[in-house]
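Below, each value reflects all heavy atoms present in this structure, side chains not excepted, and no hydrogens, waters or symmetry copies.
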Amino acid sequence: MEREGTVGSELMKHQNLKIYPGSPIPLGAHCVGEGVNFAVYSRHSDAAELCLFEPEGREEVARVTLPGRSGDIWHGFVPGLKAGQLYGYRVTGPYKPRQGHRFNRDKLLIDPYTRALHGNFQWRDEIFGYSHEADEEWNLDPRDSAPCTPKSVVPDPQMPPFRHPKPETSWSETIIYELHVKGFTKLHPEVPDDLRGTYLGLVHPVILGYLRDIGITAVELLPCQAFISEERLASQGLSNYWGYNPLAFFAPHPGYARSDPVAEFRQMVDVFHGEGIEVILDVVFNHTGEGGEQGPTLSFRGIDNRSYYLLDPADLRRTVNFSGCGNTLDISNPEVLRLVMDCLRFWCSDMGVDGFRFDLATSLGRRGAAFDPLGAFFSAVHQDPVLGRAKLIAEPWDLGPEGYRLGQFPPLWSEWNDRYRETVRSFWRGDPAKLPEFAERIAGSSDYFRNPGRHPRATINYVACHDGFTLRDVVSYERKHNEANLEANRDGSHHNVSWNSGREGETDDPEILRLRRRQRRNLLATVLLSQGVPMLMAGDEFGRSQGGNNNAYCQDNEISWLDWNLAGNEAEMVQFVSFLNRIRKENPVFRRISFLEGVIHPVSSLKDVTWLREDGEEMAESDWRNPERRTLGVLLDRTGVDIRHRNPHDRDPGGSFLLLFNAASSEVEFTLPAPIRGDRWRVVFDTREKTATTTETGFCQGHVYGMSDRSMAVLGELA
């Protein structure tokens with residue numbers, strides 16, 4: 001990072017600092033006139049000291065007490081300082097763990113509002129606020145932690161404007177592609193070495209061309225907020241690859257940048273926008289990297305442990321662990337809520353992102369232990385003029401009491417739908433009694449989301465994501481194989497809803513390989529043609545595998561990085577995904593903005609959806625109750641499609657389609673119904689075929705269409 005704006009060496013040498021009370025707003029460090037204003041929230045402290053460091057961050061050259069206090073905010077203005085100055089805080093107050101207070105002025109603390117970090121974090125005993133050989137009293141540790149703690153950086157107030165406007169893609173047109181910044185390009189042979197694994201590597205022309213070709217409208221990036229690896233992982237030679245262990249909420253992770261994380265992240269977003277691709281950021285506000293009560297003192301714990309974290313009321317030494325990562329931020333505290341809101345606005349406005357996926361989002365709606373969908377956080381987001389326009393996606397669960405809250409988030413929100421994932425996997429695995437729920441899932445999951453103000457866009461449909469098996473592993477493994485995580489294969493979910501197609505793991509059996517490829521096509525086609533918002537995981541379109549590891553959070557290596565050689569070997573599957581996305585894009589019948597009703601429309605006298613048996617007749621109640629039924633026809637008509645939300649590329653006025661599903665292990669003959677508006681059916685694709693090709697051969701009413709075992713076909717109308 002540029003250091004030209006650091007404070008002059010003479011000032012640093014003599015520590016001839018003048019400091020004035022300054023202003024309590026805005027929080028953080030900000031260049032104001034000919035100096036820098038500092039402000040930090042700490043309710044229970046006695047004082048806050050500002051520590052300044054020389055440009056390399058090794059030597060603390062000045063320390064002054066912030067002279068101003070307004071309410072619970074300490075603040076001060078230092079003339080002569082400039083952008084690029086390295087700093088940190090030391091906060092004094094009671095060290096009384098039994099009262100929830102963990103102040104220790106010997107620990108250098110990262111500013112919660114810092115936009116950038118300088119230097120590497122090191123796991124050493126000095127970073128702990130108590131003696132690391134802890135007894136129940138957790139005696140105060142007096143060693144200075146500055147040598148192993150990253151320094152905060154005063155940000156440059158002058159950032160260049162973005163060249164491209166945000167795409168503002170409607171939810172009905174959105175196709176999400178979840179990817180990891182480093183892993184996506186780390187092994188790409190056409191991305192230059194110095195760009196692989198970086199923000200700028202994601203916008204290399206070859207990557208942009210690939211995303212454009214397969215039809216992606218939004219990338220969802222795994223956490224890019226600066227994070228650290230847990231002590232256990234570091235001691236075992238592993239690392240927190242996924243990044244769900246934040247250290248600084250406002251700072252882009254420096255490990256994905258060549259030199260300047262802020263500038264390079266903004267450039268990445270701007271280039272994506274120029275291609276019409278939105279950027280959704282996976283954010284973590286449920287916990288921090290300080291971990292549980294025996295974790296290090298790096299920022300929040302030392303600034304004001306009792307204010308920032310939920311503590312166990314029965315023992316204030318202990319943090320509440322709704323996250324499974326040791327601690328839980330107390331969003332019900334107005335100042336913590338302010339921190340989160342300021343951070344979201346920063347990423348939206350200053351960094352240009354288009355939306356957020358909130359990790360363990362139930363935690364954000366808790367008031368104490370109770371979840372409230374009308375709580376302070378959701379109310380604050382909804383009234384905010386910036387965030388109210390952003391895409392908001394919840395992971396609708398946490399590890400707290402009654403933490404599973406699918407379908408219970410407010411109207412502006414969309415949610416990761418794990419019921420969709422499990423049901424679709426179960427159906428294609430051939431499980432009994434899954435047909436009724438399968439129909440509900442592909443129709444938009446109205447059983448969860450048909451609430452006032454909610455629509456099919458509320459469901460994010462996926463069959464694979466970063467957390468669990470890849471798509472290829474879903475059809476190749478029945479058991480997890482997480483030995484590389486060094487936890488004796490105890491970690492990761494035991495509930496995979498997968499099927500190995502007859503043999504565990506890799507095989508050269510041609511029949512099993514053909515079946516697995518067909519199952520992958522079935523799963524991909526189901527996701528991309530269901531009502532709701534589809535999400536694909538990067539590499540699933542060309543058969544990426546993690547060798548059966550369903551919890552590769554600590555594998556920063558070839559287990560997690562994408563092998564781009566597969567993209568060439570599986571070009572037909574990549575083309576199939578591109579073909580499916582094009583079908584979805586061109587036909588609004590697959591991306592409705594309201595739920596399917598299945599009743600006669602008063603104007604058209606037609607149904608928007610008709611559910612069919614294999615004899616071409618409409619499903620009866622007894623058919624739905626038959627646990628052995630694994631075949632379904634879905635006749636989708638354009639009835640009810642809102643013309644106002646059609647796109648210029650939509651077929652005019654939009655056709656009707658017949659979707660045929662056969663999850664049985666035997667072939668099925670399906671009698672075709674009459675086309676609704678045309679006179680014949682054409683085969684758009686059939687997953688038993690290697691390639692997706694539209695045939696103009698017409699099939700009339702009553703034609704018997706033979707379906708392979710475990711296959712899906714889509715037919716469209718011919719005029």
Side-chain angles (χ1 to χ4, degrees), residues 15 17-24 27-29 36-53 57 59-78 81 85-114 124-132 134 137-152 154 247-248 288 290 293-309 311 316-317 319 327 330 333 335-336 339:
Q15 302 182 24
L17 288 177
K18 294 181 180 180
I19 186 166
Y20 301 93
S23 172
L27 288 165
V36 177
N37 192 82
F38 297 88
V40 60
Y41 163 76
S42 179
R43 179 181 180 186
H44 298 101
S45 60
D46 298 327
E49 295 177 317
L50 171 67
C51 304
L52 302 179
F53 290 82
E59 181 183 358
E60 181 180 329
V61 293
R63 186 185 302 187
V64 291
T65 300
L66 296 179
R69 182 169 188 175
S70 300
D72 297 325
I73 297 176
W74 298 93
H75 48 91
F77 174 78
V78 181
L81 298 185
Q85 173 64 54
L86 305 185
Y87 71 100
Y89 292 119
R90 299 180 189 272
V91 180
T92 59
Y95 181 80
K96 297 180 179 179
R98 292 186 181 276
Q99 297 178 20
H101 301 310
R102 305 284 288 274
F103 297 103
N104 185 339
R105 72 186 298 267
D106 292 310
K107 307 305 170 184
L108 185 75
L109 306 172
I110 296 168
D111 183 354
Y113 276 75
T114 188
R124 287 171 30 186
D125 287 352
E126 293 93 318
I127 64 173
F128 293 88
Y130 63 93
S131 175
H132 204 194
E137 295 305 317
W138 297 337
N139 295 319
L140 188 76
D141 185 284
R143 290 173 290 185
D144 185 6
S145 67
C148 40
T149 301
K151 312 306 182 290
S152 304
V154 175
L247 181 63
T288 78
E290 289 184 306
E293 57 270 6
Q294 295 188 13
T297 296
L298 304 173
S299 181
F300 305 96
R301 177 165 287 137
I303 292 174
D304 195 341
N305 182 64
R306 189 161 180 172
S307 291
Y308 282 103
Y309 294 121
L311 305 181
L316 295 177
R317 294 176 303 173
T319 52
N327 64 58
D330 186 4
N333 180 332
E335 287 297 336
V336 180
L339 168 76

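The structure places CG of L52 at 5.5 Å from CG of L17, a figure rounded to the nearest 0.5 Å. With rounding to the nearest 0.5 Å, the separation of CG in L86 from OG1 in T114 is 9.5 Å. Here the CZ atom belonging to R105 is positioned 11.5 Å from the CG atom belonging to L140, to the nearest 0.5 angstrom. Taken from CD in E49 to CG in L109, the straight-line distance is 10.5 Å, to the nearest 0.5 Å.
R43 and D304 get closest at one heavy-atom pair: N-OD2, 2.8 Å. Between F53 and K151, the closest heavy-atom pair is CE2-CE, 3.6 Å. Scanning all heavy atoms of the two residues, the minimum distance from P147 to R124 falls at CB-NH2, 4.2 Å. Taking all atoms of both residues into account, the shortest heavy-atom contact from G100 to L311 is CA-CD1, 3.7 Å. Residue R102 comes nearest to Y130 through the heavy atom pair NH2-CD2, 3.8 Å, listed as atom of the first residue, atom of the second, then distance. T65 approaches I19 most closely through the heavy-atom pair O-CD1, 4.0 Å.
Looking only at atom types and distance, the side chain of E126 has no donor-acceptor partner in the side chain of S145 under 3.5 Å away. Checking S299 against Y308 by side-chain atom types alone, no donor-acceptor pair falls below 3.5 Å. Residues S70 and H75 have side chains that bring a donor and an acceptor to within less than 3.5 angstrom of each other.
The closest side-chain heavy-atom distance from L247 to T288 is not below 4.5 Å. Between T149 and I110, the closest side-chain pair of non-hydrogen atoms falls below 4.5 Å. Looking at heavy atoms from C-beta onward, R143 lies out of side-chain contact with D106 at the 4.5 angstrom threshold. Side-chain contact between P94 and D46 is present, with heavy atoms from C-beta onward closer than 4.5 Å. Side-chain contact check for V64 versus L50: some heavy-atom pair is nearer than 4.5 Å. For the pair I73 and V40, the minimum side-chain heavy-atom distance is 4.5 Å or more.
No donor-acceptor pair closer than 3.5 Å links the side chain of T297 to the backbone N or O of G302. Listed for the N104 side chain is a donor-acceptor partner under 3.5 Å among the backbone atoms of D141. A donor-acceptor contact shorter than 3.5 Å links the side chain of K107 to the backbone of F128. Of the possible polar contacts, one joining the E290 side chain to the R301 backbone as a donor-acceptor pair under 3.5 Å is found.
Ring geometry for H101 against H44 counts as tilted: the plane angle lies between 30° and 60°, on a 0 to 90° scale.
Partners of N333 according to the side-chain contact (heavy atoms from CB on, under 4.5 Å) rule, which considers only residues two or more places apart in sequence or in another chain, are Y41, S307, D330, E335, V336. In this structure S45 satisfies the side-chain contact (heavy atoms from CB on, under 4.5 Å) test together with S42, W74, V91, F103, sequence neighbours excluded.
Across Y113, Y87, F77, a single residue satisfies ring pair (Phe, Tyr, Trp, His ring centres under 6.0 Å) together with F38, and that is Y87.
Between R90 and D144 there is a salt bridge, with a side-chain nitrogen of the basic residue lying less than 4.0 Å from a carboxylate oxygen of the acidic one.
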Inset, instruction - Take L339 and F300 through the side chain to side chain contact (heavy atoms under 4.5 Å, CB included) test and state the conclusion after the steps. - result: CA-CA 12 Å; L339 168 76; F300 305 96; 3.8 Å; yes
